Protein chains: 2
Amino acid sequence: MNIKKSYSQFCPVARAAEIVASRWTPVLLRELIAGSTKFSDLRSGLPKMSPSLLSKRLRELEEAGIVEKFKAPKGFEYHITESGKELSPIVMTLGTWGQKFITDEYAKHELDPTLLMWDIQRRLETTFFPETGRFVAEFFLEGAPRERRNWWLIVNDRVVDLCIHHPGFENDIEIVASLRGLTDVWMGNISVAEAKKKKLLSLNGQKKFISSFENWFLLSVFAN
Amino acid sequence: MNIKKSYSQFCPVARAAEIVASRWTPVLLRELIAGSTKFSDLRSGLPKMSPSLLSKRLRELEEAGIVEKFKAPKGFEYHITESGKELSPIVMTLGTWGQKFITDEYAKHELDPTLLMWDIQRRLETTFFPETGRFVAEFFLEGAPRERRNWWLIVNDRVVDLCIHHPGFENDIEIVASLRGLTDVWMGNISVAEAKKKKLLSLNGQKKFISSFENWFLLSVFAN
DNA sequence: CGGTATCCCCCGCGATACTG
DNA sequence: CAGTATCGCGGGGGATACCG
């Protein structure tokens, strides 16, 4: 750490904060803890972070022993180390705190269909689906910009894929919701039942997938 | 939060990090959690933070509901709220993490006699001393700048006072140590016994205070 | 002392382009 | 796609003065 920028304290809170509490780092750690390892995947979870800054932060985390960089077939993989994993309680507790105490409704610029769908596909409960075969769910996000309004979640042999273009398969279920509504459901701010009643969310398609919706559509890890 | 500066994510980790992980804030929270309430006391624990920034951060924490500002006889008092107290595990875990994983020896600019003595006086175990009467300990910190080399801890009826000028009382005990040595002892990096053996620390004065040193001289909350 | 206002520098970081 | 290099600006925050 540059001496000019340093807090210049022997206290371990200060020494740790110099690394962990710099801009974007808690959010980057969240992504790494969630299991993303590829640069492009990290970018997906951090759409407003510039690639140069992401690159820089990864280098800093590597120097701090929080991340290890491995050569991959294409590019590199960034894996969180044991010491990095021990930051997990901090990041999770920070999120829990935020969920509890920051109760303002989401600002418009915080509602992001890409981020939402990215989080959804990451937590989809695939064990619910048959070991072999295909499942297709289409999402219509009202209020999202046209080119990011329609999404398809495809589960093929329990492997999840997220598409923004029509995959050519027939839908098993369609989820129609406002972007804000689905985000609120996802974050546990309102229940699925409540969202349906308020016409913020509706499910169409095969009965068995509709009735089991809450079994495979897990909510955010921070949902109450 | 200014939209330009915002992470623009609905994720509570991001929303919390915007407040809690900004520059200086974790260290300021440490001070508030430790019980400091006055502006000047906060400054003592944050000597390298400019007063204008401290003022700004306090305002931000107040807006976020983490701190409450009360009119005091002179100036104001800043008290941490219930929601702020729930940040305590985050700050403490961050410190514990730092203590465990940031093992570089302290850089010269991180060794600060004022900060060290401030922390020491805050954790002095006063119940060890008689309910009435005076106790005086003088510290000589070798390697500290001349004007901050000598310190007196005065416990009067169990109330601790820290002085940088000779108080005119006789010493009950004298602690002679290098600044780095005492810091390492304080942080639990080496034991008192080891420090004595290596001549990094020596105690002179009344036997009963020497033999009970480790009873009243508590170590940092982050010492192992 | 307790805190705010002002000034201004500098560098963090966003934007963009570029390269393998 | 997987990152790195460059460039330019904006404002964060440090220094200082100042006011109550």
Side-chain angles (χ1 to χ4, degrees), chain A residues 1-9 14 17-28 31-32 36-63 67-79 109 162 164, chain B residues 1-9 14 17-28 31-32 36-63 67-79 109 114 118 161-164:
Chain A
M1 167 74 46
N2 177 2
I3 178 169
K4 300 280 296 179
K5 263 298 236 187
S6 166
Y7 297 139
S8 295
Q9 298 204 359
E18 288 179 0
I19 303 164
V20 174
S22 60
R23 185 162 164 76
W24 279 109
T25 304
V27 199
L28 170 54
E31 289 301 300
L32 289 163
S36 290
T37 60
K38 318 262 306 188
F39 197 86
S40 58
D41 286 349
L42 292 168
R43 290 214 66 193
S44 296
L46 305 161
K48 305 256 299 177
M49 186 181 193
S50 72
S52 48
L53 184 57
L54 174 55
S55 174
K56 183 179 174 210
R57 284 287 181 271
L58 285 170
R59 220 174 307 125
E60 290 166 356
L61 290 181
E62 199 188 349
E63 272 169 40
V67 152
E68 257 181 313
K69 188 174 178 177
F70 296 99
K71 185 85 192 108
K74 349 184 51 192
F76 292 89
E77 283 189 356
Y78 303 89
H79 289 260
H109 63 92
L162 176 65
I164 188 96
Chain B
M1 168 75 48
N2 177 2
I3 177 170
K4 300 280 295 181
K5 263 299 235 186
S6 165
Y7 298 138
S8 294
Q9 299 204 358
E18 287 179 1
I19 304 164
V20 174
S22 60
R23 184 162 164 77
W24 277 111
T25 305
V27 199
L28 169 54
E31 289 301 300
L32 289 163
S36 290
T37 61
K38 317 263 304 187
F39 197 86
S40 57
D41 286 350
L42 292 168
R43 289 213 67 192
S44 296
L46 305 161
K48 305 256 298 177
M49 186 181 192
S50 73
S52 49
L53 184 57
L54 174 55
S55 174
K56 184 180 173 208
R57 285 287 182 269
L58 284 170
R59 220 175 306 123
E60 290 165 357
L61 291 180
E62 197 188 351
E63 273 170 38
V67 152
E68 258 181 313
K69 187 174 177 178
F70 296 99
K71 185 86 192 106
K74 349 183 53 191
F76 292 90
E77 283 188 357
Y78 303 89
H79 289 261
H109 62 92
T114 309
W118 179 253
D161 206 4
L162 175 65
C163 302
I164 187 96

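These numbers come from a predicted model, not from an experiment. To find a chain, count down the sequence lines: A is the first, B the second, and so on, and within it residues start at 1.
- Taking the nucleotide of DNA chain D with the nearest heavy atom to each of B:P51 and A:D41, the more 5' of the two is matched to A:D41.
- B:Q9 contributes no side-chain N or O that, together with a main-chain N or O of A:V27, makes up a donor-acceptor pair within less than 3.5 Å.
- Between A:R57 and C:dC13, a side-chain N or O to OP1/OP2 separation shorter than 4.0 Å is present.
- Using a 4.0 Å heavy-atom cutoff across all strands shown, B:R43 reaches no nucleic acid atom at all.
- Going from atom CG of A:L58 over to atom P of D:dG3 covers 9 Å, rounded to whole Å.
- Rounded to an integer number of Å, the gap from CD1 of A:I3 to P of D:dG14 is 14 Å.
- For B:N2 and C:dG12, the CG to P distance is 19 Å, given to the nearest whole Å.
- As a whole-Å value, the separation of A:K5 NZ from C:dG12 C1' is 7 Å.
- Listed candidates were D:dG14, C:dG3, C:dC13. Nearest to the side chain of B:F39 is C:dG3.
- The nearest whole Å value for the distance from the CZ atom in A:F70 to the P atom in D:dG3 is 14 Å.
- For B:R43 (side chain) and B:S50 (main-chain N/O), no donor-acceptor pair under 3.5 Å exists by modelled atom type.
- Here A:K69 lies in heavy-atom contact (under 4.0 Å) with sugar-phosphate atoms only.
- Taking 4.0 angstrom as the limit, A:S50 places none of its side-chain polar atoms (N or O) nearer than this to OP1 or OP2 of C:dA15.
- Within the 4.0 angstrom heavy-atom criterion, no nucleotide atom of any strand lies near A:K48.
- Between the side chain of B:E77 and the backbone N or O of B:F39 there is no donor-acceptor pair closer than 3.5 Å.
- Within the nucleic acid shown, B:S52 comes within 4.0 Å of at least one base atom, counting heavy atoms only.
- Between B:K56 atom NZ and D:dG11 atom P the separation is 11 Å, expressed in whole Å.
- One N or O on the side chain of A:R57 and one on the backbone of A:R23 form a donor-acceptor pair closer than 3.5 Å.
- OP1 or OP2 of C:dG3 sits under 4.0 Å from a side-chain N or O of B:Y78.
- Side chain of A:Y7 to backbone of B:W24: a donor-acceptor contact under 3.5 angstrom is found.
- Contact annotation: B:S55 side-chain N/O to C:dT4 OP1/OP2 distance is under 4.0 Å.
- Whole-Å rounding puts the A:K71 NZ to D:dA2 C1' distance at 9 Å.
- Rounded to whole angstrom, the span from the CZ atom of B:R23 across to the C1' atom of D:dG13 amounts to 8 Å.
- When distances are taken from the side chain of A:W24 to each of D:dA2, C:dT4, C:dG14, the shortest belongs to C:dG14.
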